[in-house]
Amino acid sequence: MNETIPQQTYYPDDEIDLRELFATLWRGKWIIVLTTVVFAAMGVGYALYKPNIYQSSVLVAPAQEEGGGLSGLASQFGGLASLAGINLGGGGSNQTVIAKEVLQSRAFLTKFFHRHDMEIPLMAVEGWNKKSEEWAYDRDKYNPGTGEWLLDSDGETYKPTDWDMVEAFREEHFSVSEAKDTGMITVSVKHFSPVLAKQWAEKLVQDINEYMRKADVDEAEARIAYLEQKLDETNIAGMQQVFYQLIENETRTVMLANAQKEYVFKTVDPAVVAEEKAEPKRALICVIATLLGGMLGVFIVFIKAFIGSGRDASPKNNGTSSPDAE
């Protein structure tokens with residue numbers, strides 16, 4: 001009695017046939033070419049439509065701080081001063097870190113916009129004519145002839161709020177970066193106008209230096225007034241000596257702050273008017289658009305071939321009859 005050996009069944013349809021794959025692509029070559037050309041043309045048109053954007057940067061370094069000052073007096077007279085209810089502090093807060101955060105804060109940027117009249121060039125401009133040195137305004141939102149913001153379909157004005165200006169400035173125009181190895185800080189500003197980008201970058205550094213200088217002067221003067229009041233209230237010789245030295249130190253702080261122009265950030269490499277655009281990357285846009293068009297064309301060809309194979313198989317299945325029907 002012979003035993004039948006089961007034979008293994010192969011299903012060639014489950015394997016990828018490279019020749020059939022390339023044949024499918026070749027049959028749909030005109031679809032691939034057409035979608036590639038269309039997307040390439042769209043990419044070129046979009047790249048040419050986008051206006052040039054220029055970037056100007058200022059490289060700054062943290063200004064050197066005094067080695068002694070209040071921290072030295074705090075270690076020397078901290079115990080006596082605490083008896084009088086005076087907190088000298090330890091000078092532990094990093095002024096550079098604070099200034100960097102203030103520079104990006106909503107409150108500082110809002111005052112910066114209003115101080116330098118940035119509402120129109122920041123929110124109503126969509127381009128810059130370098131030859132004629134004229135703005136290209138977004139006339140759907142702003143009327144340069146009357147200087148008025150227009151209304152939308154709901155009757156709401158396009159006039160930006162402080163929130164809108166801060167968000168637009170942070171996302172599209174402004175960036176702050178720090179080199180971890182050197183501690184150098186780069187303040188960068190982008191805009192359609194290279195001249196305006198340079199001016200804004202310079203004014204940001206100037207204003208943060210002035211802001212931090214004024215804050216320290218105000219605090220020192222407030223401490224001087226408080227120390228003078230405490231001096232009048234005490235008859236203890238040791239405490240009077242502490243108050244005199246503290247007042248002397250705070251007075252020196254005020255004098256040095258008023259005499260120092262670059263108070264927190266010292267300019268290492270000043271901003272210049274950019275001669276080359278930073279954006280858009282037109283060549284990259286065209287390449288990406290062309291690749292997307294080619295991939296879409298290949299996808300369409302495969303989908304079309306898959307649908308066509310399903311239609312070819314359905315008549316065969318419908319035409320077959322089972323042996324029981326005969």
S.K.: Do NZ/NE/NH1/NH2 and the carboxylate oxygens of Glu279 and Lys190 come within less than 4.0 Å?
M.R.: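 Between Lys190 and Glu279 there is a salt bridge, with a charged N closer than 4.0 Å to a carboxylate O.
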
S.K.: Measure the shortest side-chain to side-chain distance between Leu150 and Lys141 over non-hydrogen atoms and say whether it is less than 4.5 angstrom.
M.R.: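 Counting from C-beta outward, Leu150 and Lys141 never come under 4.5 Å.
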
S.K.: Salt bridge check: are Glu119 and Lys159 linked by an N-O gap of less than 4.0 Å?
M.R.: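 Counted as a salt bridge, because a side-chain N and a carboxylate O are separated by less than 4.0 Å.
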
S.K.: Apply ring-ring contact (aromatic ring centres under 6.0 Å, His included) to Phe113 and Phe169, showing your working.
M.R.: CA-CA 10 Å; Phe113 299 150; Phe169 192 67; 5.2 Å; yes

S.K.: May I ask you to check whether over 12 heavy atoms, not counting those of Phe299, lie within 6.0 Å of atom CZ?
M.R.: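 No, not enclosed.
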
S.K.: Using 4.0 Å as the upper bound for N to carboxylate O, is an ion pair formed by Glu248 and Arg252?
M.R.: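 Salt bridge between Arg252 and Glu248, a charged N being under 4.0 Å from a carboxylate O: no.
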
S.K.: Going through the checks in order, is the side-chain contact (heavy atoms from CB on, under 4.5 Å) test met by Val187 and Phe174?
M.R.: CA-CA 8 Å; Val187 180; Phe174 175 55; 3.8 Å; yes

S.K.: Apply side-chain contact (heavy atoms from CB on, under 4.5 Å) to residues Thr96 and Phe265 and explain how you reach the verdict.
M.R.: CA-CA 8 Å; Thr96 302; Phe265 294 132; 3.7 Å; yes

S.K.: Could you check whether any side-chain N or O of Asp164 sits under 3.5 Å from a backbone N or O of Thr161, counting only pairs where one atom can act as donor and the other as acceptor?
M.R.: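 The answer is yes, because a donor-acceptor pair under 3.5 Å joins these two groups.
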
S.K.: Can you confirm whether Lys203 is buried at NZ, in the sense that more than 12 heavy atoms of other residues, nucleotides or ligands lie under 6.0 Å from that atom?
M.R.: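 Yes - once you tally the heavy atoms of other residues, nucleotides and ligands closer than 6.0 Å, there are more than 12.
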
S.K.: Less than 4.5 Å apart, any side-chain heavy atom of Val189 and any of Ser56?
M.R.: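 Counting from C-beta outward, Val189 and Ser56 never come under 4.5 Å.
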
S.K.: With a 4.5 Å cut-off on side-chain heavy atoms, are Trp200 and Pro121 touching?
M.R.: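 The answer is yes, as the side chains (C-beta and beyond) meet within the 4.5 Å cut-off.
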
S.K.: Apply side-chain hydrogen bond (donor to acceptor under 3.5 Å, both in side chains) to Asn52 and Arg282, showing your working.
M.R.: CA-CA 10 Å; Asn52 291 339; Arg282 293 190 170 91; 2.9 Å; yes

S.K.: Tell me whether Asn143 contacts the main-chain N or O of Gly145 through its side chain, where contact means a donor paired with an acceptor under 3.5 Å.
M.R.: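 The answer is yes, because a donor-acceptor pair under 3.5 Å joins these two groups.
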
S.K.: Taking the side chain as everything from C-beta on, heavy atoms only, tell me whether Asp207 gets closer than 4.5 Å to His116.
M.R.: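 Yes, their side chains come closer than 4.5 Å.
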
S.K.: With distance as the sole test, does Arg213 use its side chain to make a donor-acceptor pair with the main-chain N or O of Ile208 at under 3.5 Å?
M.R.: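 It does not hold such a pair.
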
S.K.: Measure across Val301 and Gly28 and return the closest heavy-atom pair with its distance rounded to 0.1 Å.
M.R.: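 Residues Val301 and Gly28, closest heavy atoms: CG2-O, 3.4 Å.
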
S.K.: Could you walk me through whether Leu109 and Gln104 satisfy the side-chain contact (heavy atoms from CB on, under 4.5 Å) test, starting with their C-alpha distance in whole Å, then the side-chain angles of each, then the deciding distance to 0.1 Å, before giving a yes or no?
M.R.: CA-CA 7 Å; Leu109 290 177; Gln104 304 174 76; 5.5 Å; no

S.K.: Are Ile32 and Phe302 in one and the same hydrophobic cluster, where Ile, Leu, Val, Met, Phe, Trp and Tyr link if side-chain heavy atoms are under 4.5 Å apart?
M.R.: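 Ile32 and Phe302: one cluster.
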
S.K.: Give the intermediate values and the outcome of salt bridge (Lys or Arg N to Asp or Glu O under 4.0 Å) for residues Glu210 and Lys214.
M.R.: CA-CA 6 Å; Glu210 177 62 21; Lys214 187 177 183 304; over 6 Å; no

S.K.: Looking only at side chains, do Tyr263 and Asp216 share a donor and an acceptor under 3.5 Å apart?
M.R.: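 Distance-only check passes for Tyr263 and Asp216.
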
S.K.: Please check if the side chain of Glu262 supplies one atom and the backbone of Thr267 the other of a donor-acceptor pair under 3.5 Å.
M.R.: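 Answer holds: yes.
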
S.K.: Are Arg106 and Glu167 ion-paired here, with the side-chain N under 4.0 Å from a carboxylate O?
M.R.: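 Judged by the 4.0 Å cut-off on N to carboxylate O distance, Arg106 and Glu167 do form a salt bridge.
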
S.K.: Under 4.5 Å between any side-chain heavy atoms of Val58 and Asp269, yes or no?
M.R.: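 When only atoms from C-beta onward are counted, Asp269 and Val58 do not touch, as no gap falls below 4.5 Å.
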
S.K.: For residues Ile120 and Trp149, determine if any side-chain heavy atom of one lies less than 4.5 Å from a side-chain heavy atom of the other.
M.R.: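 In contact.
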
S.K.: What class does the angle between the rings of Tyr142 and Tyr137 fall in, given that below 30° is parallel, 30 to 60° is tilted and above 60° is perpendicular?
M.R.: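 Aromatic pair Tyr142/Tyr137 classed tilted.
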
S.K.: Before you tell me yes or no, could you show the steps for Val195 and Trp128 under side-chain contact (heavy atoms from CB on, under 4.5 Å), namely the whole-Å CA-CA distance, both residues' side-chain angles and the distance that decides it to 0.1 Å?
M.R.: CA-CA 11 Å; Val195 177; Trp128 168 259; 5.8 Å; no

S.K.: Sub-3.5 Å donor-acceptor pair from the side chain of Asn249 to the main-chain atoms of Gln245, do we have one?
M.R.: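 Absent.
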
S.K.: Do the side chains of Glu20 and Arg27 get close enough for a salt bridge, i.e. N-O under 4.0 angstrom?
M.R.: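 Arg27 and Glu20: salt-bridged.
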
